Amino acid sequence: MQVDYEVLKVKAIDMLKERGVTLDDIAGITYEIQKEYYDDITFSVCLYHVNNVLTKREVINAVLTGLTLDILTEKGYVDEPLRSMLMNDYGLYGIDEVLAYSIVNVYGSIGLTNFGYIDKLKLGIIGEIDRIGKEPNKCNTFLDDIVGAIAASAASRIAHTK
Ligand code: MG
């Protein structure tokens, strides 16, 4: 099987959009956590790095996998007991975070630190994602971690270039 990651990148970005998240939203989180460290940081630099993170095979695979699981759960295609765990974003499930680690792992320990920080403060669109995920028949269990991990990875790329 031949896999074209140029095509899959477009698919991943489309899927994020369908789940209510644009690259601008993700870059907004990156900007939020980087602006206090770098006086010269701009939103467009953050967006550039978010775009770059999304060219990585590991990142594209994590987006496609996580969002597919959210969507299948909403559609009722996931059997119990997993269905209830995902629908209720059960705190001890933890696989959503583990999948997101496959994104930040590409960028070393700074990526992991940034991810923890974003997750704790529910920065930018993450708060909105979590709020929508609590609505009936909505599941954003994987989406919040994936978005946080991409934003954290973009921040790590910025740190590595400074
Ligand atoms: Mg989650």
Side-chain angles (χ1 to χ4, degrees), residues 8-34 46-47 49-159:
L8 288 195
K9 179 187 179 184
V10 174
K11 175 68 186 164
I13 293 169
D14 281 350
M15 268 184 109
L16 283 164
K17 230 178 265 170
E18 278 163 31
R19 302 301 290 173
V21 180
T22 64
L23 297 195
D24 278 11
D25 294 326
I26 303 176
I29 302 171
T30 305
Y31 181 73
E32 202 57 41
I33 63 168
Q34 292 303 82
C46 294
L47 186 59
H49 286 283
V50 165
N51 235 298
N52 235 291
V53 168
L54 272 159
T55 61
K56 286 272 178 201
R57 202 187 50 204
E58 296 89 336
V59 178
I60 294 168
N61 290 342
V63 171
L64 297 180
T65 305
L67 299 202
T68 297
L69 286 167
D70 278 349
I71 293 164
L72 292 180
T73 304
E74 279 182 5
K75 288 182 172 169
Y77 293 143
V78 175
D79 289 338
E80 295 294 357
L82 190 56
R83 175 177 158 77
S84 288
M85 286 198 266
L86 294 180
M87 282 306 288
N88 299 309
D89 200 0
Y90 175 57
L92 297 179
Y93 173 63
I95 308 301
D96 43 346
E97 282 95 7
V98 173
L99 184 69
Y101 293 160
S102 68
I103 295 175
V104 288
N105 268 345
V106 179
Y107 299 92
S109 57
I110 311 177
L112 197 60
T113 309
N114 285 335
F115 175 65
Y117 182 74
I118 291 168
D119 187 45
K120 199 173 150 83
L121 295 183
K122 308 270 174 230
L123 290 173
I125 190 130
I126 307 263
E128 177 72 359
I129 292 169
D130 283 358
R131 190 188 61 72
I132 292 170
K134 289 188 177 75
E135 289 175 5
N137 302 315
K138 282 280 172 192
C139 181
N140 280 341
T141 293
F142 283 91
L143 180 63
D144 62 338
D145 299 288
I146 281 167
V147 168
I150 297 170
S153 299
S156 309
R157 277 189 113 256
I158 293 166

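Numbers for residues simply follow the sequence, beginning at 1. Atoms within a ligand are numbered from 1 in the order they appear, just like the ligands themselves. Predicted, not measured: the structure shown is a model, and the values here were computed from it.
Contact record, G66 with F142: O-CB, 3.4 Å, taken as the closest heavy-atom pair.
For D145, the N/O/S atom at the shortest distance from the Mg ion (ligand 1) is named OD2. Looking only at N/O/S atoms, D96 comes nearest to the Mg ion (ligand 1) through OD2.
Among the atoms of E97, none of the N, O or S atoms falls under 2.8 Å from the Mg ion (ligand 1). Note on D130: not counted as a metal contact of the Mg ion (ligand 1), no N/O/S atom lying under 2.8 Å.
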Verdict with supporting geometry, M15 and T68, side-chain contact (heavy atoms from CB on, under 4.5 Å): CA-CA 9 Å; M15 268 184 109; T68 297; 3.5 Å; yes
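Shown here is D14, whose CG atom has more than 12 heavy atoms of other residues, nucleotides or ligands within 6.0 Å. Enclosure of atom NZ in K56 is not indicated, since only 12 or fewer non-hydrogen atoms of other residues, nucleotides or ligands lie within 6.0 angstrom.
Seen from the Mg ion (ligand 1), atom O of T141 and atom OD1 of D144 lie 70° apart in angle, a value rounded to 10°.
Without hydrogens or angle criteria, Q34 side chain to A155 main chain gives a donor-acceptor distance under 3.5 Å.
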